[in-house]
Amino acid sequence: MSTTQLLNQLSNLPAQKPQNNALFLGTWADKDYLTHIKSMFSGVTTYTVCEPVKLLTQLELYCSKRSITRVVSTNTDILVKLLALEGNVKESAALSDYAGSLFTYRGIEIVFIDPLAQLLTVSYGRFITQRYISKVINPLSWPEATEFKWTLLSPENISEIYAQFHNALVIGVDIETVRENCAIRCIGYSAVFIDRTDRTPIRTVSVVLPMDSDWALAWVRKFNSLPAAKVLANGKYDCSYLLRFNAPLTNWLWDVQHMFHSWYSELPKDLAFLNAFFLRKVVYWKDLAETNDIEQYCRYNAMDTWATVNVWVQQLLQAPAWAKKNYVLEFPLVYPCLLAEMTGLKRDMGRLVSARADVDAKESSSLQSLRAMIDVPSFNPGSHVQVKSLMKVLGCADIADSSGEKNLNKASYRHPLNARIFTKILDIRGWRKLATTYLRLDSDKEGKKENGSKEFNGRILYALNPHGTDTGRLASREHHFWTGLQIQNIPRGPEVKQTICADDGFYLGECDLEQAESRDTANIAGDTSLISAVSGDRDFHSVNCSAFFGVPYESIYDDAVGKTLNKGLRDVAKRVNHGANYNMGAFTLVDTMGLENIFKARSLLNLKMTDPKKIAEYLLAQFHKTYPSIAGKYYVSVVNEIGTTSRLTSRAFHHTEYNLAHYSAVGYIETGDWTRYCFGRPDKNKLDLNSYVAHCPQSLNARTLNEAFLKVFYEIALPNPEHFRLHAQIHDSILFSYTEEGLRKNLPDKVREAMEIPVTIRDVSGTYRDFTVPAALKLGVKDKKTGEFIRAKYWSETE
DNA sequence: GAGCGAAGCGCC
DNA sequence: AAAGGGCGCTTCGCTC
């Protein structure tokens with residue numbers, strides 16, 4: 001019997017019975033939206049009050065007169081009063097924290113929801129509001145969580161509890177940490193026990209161990225080695241700290257954040273949200289973590305583990321098959337990600353200091369000249385407010401709503417004097433970004449805490465999160481140890497990458513999937529012209545140019561020498577292709593190309609019209625004429641699929657043994673690979689359509705690279721711990737390092753082979769095709785003088 | 001002085 | 001080189 005079947009049989013039954021009338025207790029701001037929630041009360045007689053109600057006694061009186069026993073509310077005055085009754089005294093409380101929290105007051109159940117305006121402004125507003133309202137309107141549809149009981153572990157009880165935990169079905173684990181020194185304050189465990197003979201067959205036992213002694217650490221190691229599967233919430237965080245203390249967690253198989261991301265990737269997934277989403281009778285408790293009382297703190301730790309296992313039970317019971325499949329695809333990525341996060345990359349500290357000095361020098365000389373030019377000695381180009389005023393002074397008030405790069409370029413196009421000033425501002429901003437974000441030194445602190453250098457023992461650390469994006473790409477941010485960098489947006493020039501290097505005895509290598517998203521788009525849409533254009537031997541943009549505008553390919557590009565002959569027109573085709581591919585409108589095309597380029601295109605193509613928007617429309621039309629399946633079939637299929645199922649499912653199959661072990665090829669395509677639940681309305685909202693149209697190729701590419709990441713982890717990194725290091729995945733590339741011995745074993749080539757995964761795909765018209773995105777290794781640079789190949793030691797050398 | 005949102009910008 | 005989409009970090013300027 002599977003775990004799910006077991007839980008299904010044993011699920012604790014809810015105890016409540018349906019009750020009397022209902023009340024919506026809102027605010028003035030909710031008045032306009034009342035019609036939207038009417039149907040959510042399932043026909044129960046519901047009163048509405050939007051006038052200010054400040055006292056619980058007022059509420060009680062109102063309810064008792066009308067036989068009201070359940071209340072849905074956005075009234076924060078009442079919320080604060082209810083919290084005070086629970087001993088949580090505060091002046092104000094945010095609905096965003098307490099949405100989904102349920103209180104009981106004198107026989108009345110009160111659930112709080114977000115302001116009704118969110119029904120229209122947040123794509124998932126209706127969905128969540130309906131769910132929370134059902135907590136009081138349809139309580140029988142909500143299973144009861146286990147009873148919360150917790151124990152502080154001590155020498156007196158720990159042996160006995162440890163023995164008891166050997167029989168657990170799963171164990172929830174959560175740590176609380178000290179940010180300043182990366183210590184672990186305490187660790188909580190919640191064991192789930194099953195007893196079919198019991199009235200409540202699912203039972204949990206929660207314990208907490210303060211981490212204040214070697215004795216405690218020794219016990220943590222024992223508990224972490226228990227045989228039960230572990231369930232965590234964002235477990236890479238906890239695992240990182242436990243690894244630091246040499247107390248690795250074994251058999252981590254479940255994670256409620258990854259499970260929820262696999263199900264509703266567009267929704268929040270912090271533990272507080274998951275509690276409110278899955279458990280009926282909960283009140284937000286994150287603010288309790290601010291306590292200084294260690295006992296209280298441990299209790300809070302225990303509640304988190306209790307919530308984690310209860311959420312886990314409900315996820316297993318309620319998640320549909322496609323979400324569980326997503327989980328199987330996503331969760332295993334935590335292991336290679338954790339390895340890469342704990343490996344990090346070495347920073348050459350000498351080079352860091354000199355690179356920073358170079359950047360600082362360029363910035364300060366530019367700043368000096370800018371200030372002299374405009375005669376404002378204190379001008380700060382980093383302040384958008386000041387730059388906007390400058391734009392107004394220089395006659396660009398009409399575009400001074402933003403001082404971003406696009407508008408500054410527009411302003412520059414108007415007058416050469418503007419160009420001198422605004423180009424300088426953009427230069428300075430560029431240097432500042434490099435210095436303050438990527439080349440930080442300890443001296444940048446200036447009294448502010450945690451604002452100095454980014455290295456951890458001379459290394460750049462980072463987090464790689466498989467649950468960070470809506471498309472299945474990994475997201476990156478600073479490391480769990482509260483330092484390091486987002487590793488996926490390191491600037492492409494040498495300025496920063498020359499300071500990041502392989503470890504002693506290692507070389508750095510990077511392997512890219514080439515034009516992956518274009519190939520994916522072509523194959524998903526099944527546009528045979530686009531497939532051959534993107535996978536052929538000829539220059540893609542020149543092929544487009546020829547097809548769009550009816551000029552001979554030979555006049556655009558010379559294949560023999562690999563040279564562009566008509567850069568201007570090829571450029572137009574490039575811009576049009578990129579824009580049209582993702583459903584850009586004519587207005588935006590004008591905006592992004594700039595008037596100069598639009599009129600350049602007009603003269604290159606001898607067009608008659610003078611309205612820039614008309615020119616852009618013409619350009620976009622040429623794309624859609626050439627590749628009719630993109631808008632004609634692919635966009636339409638996105639709208640239809642979401643309209644009928646609220647989901648987008650990738651009909652693609654990756655040929656790796658990991659997948660083959662789980663699914664047979666044909667059935668896999670029919671049921672789909674990665675599925676995204678879509679709350680947006682692509683039929684009504686163009687931005688939603690754009691994002692869903694972009695999702696499919698981006699997601700398919702992410703899936704391919706994620707499969708490759710797993711292959712590299714299992715087949716290359718793990719068997720060669722002395723000679724290979726897995727550093728990161730950067731959207732279409734994998735960054736690694738290897739030794740001389742690793743080179744003799746051909747490990748870089750094996751990375752490339754692992755990344756070239758054949759894919760079988762069913763296009764939107766039902767045609768099956770096989771294709772493989774080629775991967776290219778970047779292992780070094782040719783010396784410009786000697787022509788000798790230099791193996792990369794620094795990241796700047798893998799170009 | 002802390003906290004927060006907006007703006008801007010880095011990558012694929 | 002850079003549109004559309006996908007992200008996260010720093011600074012500024014404001015509020016509390």
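These figures come from a predicted structure and were not determined experimentally. Labels below follow one simple rule: chain letters A, B, ... track the order of the sequence lines, proteins then strands, and each chain is numbered from 1. Values reported hereafter were calculated over all heavy atoms of this structure, with side chains retained and with hydrogens, waters and symmetry mates removed.
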Residue pairs, two or more places apart or on separate chains, that pass salt bridge (Lys or Arg N to Asp or Glu O under 4.0 Å) and touch residues 427-439 of chain A: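 Sorted pair list: A/E363-A/R432.
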Annotated protein contacts, base or backbone, on nucleotides 7-12 of chain B with a non-hydrogen cut-off under 4.0 Å, one of B, S, - each: SBBBBB
Partner set under ring pair (Phe, Tyr, Trp, His ring centres under 6.0 Å) for [X], not counting sequence neighbours:
X      : result
A/F456 : A/F481
A/F623 : A/F548, A/Y627
A/H384 : none
A/Y98  : A/Y284

For A/D77, salt bridge (charged side-chain N to carboxylate O under 4.0 Å, His left out) partners two or more places apart: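 A/K54.
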Sequence-distant partners of A/S453, side chain to side chain donor-acceptor pair (under 3.5 Å), two or more places apart: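 So A/S453 forms a side chain to side chain donor-acceptor pair (under 3.5 Å) with A/D442.
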A/T436, nearest nucleotide to its side chain (from C/dC7, C/dT10, C/dC12):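 Among C/dC7, C/dT10, C/dC12, the one nearest the side chain of A/T436 is C/dT10.
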Nearest listed nucleotide, side chain of A/M584, among C/dG4, C/dT10, C/dC7: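 So the side chain of A/M584 is nearest to C/dG4.
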Span that lies between the P atom of C/dA1 and that of C/dG5, in whole angstrom: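 Each nucleotide's P atom is 23 Å from the other's.
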Sugar-phosphate only, base, or nothing, as touched by A/D470 at under 4.0 Å among non-hydrogen atoms: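 Sugar-phosphate only.
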Sugar-phosphate, base or nothing in reach of A/N380, heavy atoms under 4.0 Å: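 Here A/N380 touches the backbone only, sparing every base.
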Return the polar atom pairs (N/O with N/O) between nucleotides 14-16 of chain C and the protein under 3.5 Å, or none.
none

